2 protein chains.
Amino acid sequence: MNISQDATATGLPAKTIRYYEEIGLIRPERSDNGYRTFTQTALHQLHFLARARALGFSIDDCRSLLMLWEDRSRASSDVRKIAAAHLSEIEAKIADLTAMQNTLKNLVQTCHGNDRPDCPILNTLSGVSSD
Amino acid sequence: MNISQDATATGLPAKTIRYYEEIGLIRPERSDNGYRTFTQTALHQLHFLARARALGFSIDDCRSLLMLWEDRSRASSDVRKIAAAHLSEIEAKIADLTAMQNTLKNLVQTCHGNDRPDCPILNTLSGVSSD
DNA sequence: ACTTGACCTTCCAGCGACTGGAACCCCTAT
DNA sequence: ATAGGGGTTCCAGTCGCTGGAAGGTCAAGT
């Protein structure tokens, strides 16, 4: 299987797959002409990576998860630890974004959005406390 | 006022303030020794930027907002447009993250997290559909 | 006067995870 | 022979800083 077929199979762009090789996440074999060839196992790994990245895991986490996946003597607690840490980061981000969302929603609702300069959004940003 | 006093006043690191000058967001004056000096106006701008960045606006948005702020003949609709666009990006991000959160929460709850290899997190990532 | 140490300056490199593009090789079909 | 659609490498850029090196300046202490 060539890289572009892989790309469509896994949903990852070919560029990304090459990048994953470059940083040592995967080690696809090469055929005589120098083209990358992907075995079934390699395809599985790419699928795994695609799903892990889609869940927001960092490349470093992906590396660890991949190693754990391939380690049959792993402890599931190690996997869970990574996932739990990632989950709490996500929850922190959601909290941050939700705070921004609340403020912005409020401001956007309050602003008349007409052709006059008067604007509660700018007032807030400039520190004119209208809260 | 020197840059580090500014930094503590606005909460922005000195490095960031220099960076803002480098990219043309602000134009602090210089005293004879080459040090940046910040007028009251410049300080206001920095505060403005700090608040806008804290609300997640991109540097480009900040640039536009700053220009609008200083433009007395602005239309508040232009400000609102920027804020509304940003708000919907934030909402999209929250939606993405919440989806991840739900999946991860579920997986973390399901995983025993012990010393055995059996792990629903890895199962899901590897495509063993347990959903 | 001299030194110390804290500040300031510039410039350059690196982060994460790609993404775009240039320049070139390979394979197949016409 | 050529045209096209693959593949390859390598280098630069994205965003918003952040760290560090190398050096200039200032205020205080000896």
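Per chain, numbering begins at 1; letters A, B, ... match sequence-line order. Given the structure is predicted, the values throughout are model-derived calculations rather than measurements.
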Can you tell me how far [atom2] of [N] sits from [atom1] of [X], to the nearest Å?
X	N	atom1	atom2	answer
B:Asp32	D:dG24	CG	P	18 Å
B:Ile17	C:dC8	CD1	P	10 Å
B:Glu21	C:dC8	CD	P	14 Å
B:Tyr19	C:dT10	OH	C1'	17 Å
B:Glu22	D:dG16	CD	P	14 Å
A:Phe57	C:dC18	CZ	P	15 Å
A:Tyr20	C:dG16	OH	C1'	11 Å
B:Tyr35	D:dG23	OH	P	16 Å

Quick one: is [N] close enough that its OP1 or OP2 comes under 4.0 Å of any side-chain N or O from [X]?
X	N	value
A:Arg30	D:dT9	yes
A:Asn33	C:dC27	yes
A:Thr16	C:dT19	yes
A:Ser58	C:dG16	no
A:Arg36	D:dT8	yes

Checklist entry - In this structure, which one of B:Leu97, B:Thr98, B:Asp96 forms a side-chain contact (heavy atoms from CB on, under 4.5 Å) with A:Ile90? => result B:Leu97

Next on the checklist: Tell me if a side-chain donor or acceptor on A:Gln5 pairs with a main-chain N or O of A:Asn2 at a distance below 3.5 Å.
Outcome noted: yes

Next on the checklist: Using a 4.0 Å heavy-atom cut-off, does B:Ile23 contact any base of the nucleic acid, only the sugar-phosphate backbone, or nothing at all?
Outcome noted: nothing

Next on the checklist: Under 4.0 Å, counting only non-hydrogen atoms across every strand here, what does B:Arg18 touch: a base, just sugar-phosphate, or nothing?
Outcome noted: base

Checklist entry - Where does the angle between the aromatic ring planes of B:Phe48 and B:Trp69 fall among parallel (under 30°), tilted (30 to 60°) and perpendicular (over 60°)? => result parallel

Next on the checklist: If you count heavy atoms of other groups shown closer than 6.0 angstrom to NE2 of A:His44, is the number above 12?
Outcome noted: no

Checklist entry - Does A:Lys15 make a side-chain donor-acceptor contact with the base of C:dG21, cut-off 3.5 Å? => result yes

Item to check | B:Lys15/B:Glu22 ion pair, N-O < 4.0 Å | outcome: no

Checklist outcome for this item: Note: for B:Pro13 and A:Ala14 on DNA chain D, the residue whose nearest nucleotide lies more 5' is A:Ala14

Checklist entry - B:Asn2 or A:Asp60: which one's nearest nucleotide on DNA chain C is closer to the 5' end? => result B:Asn2

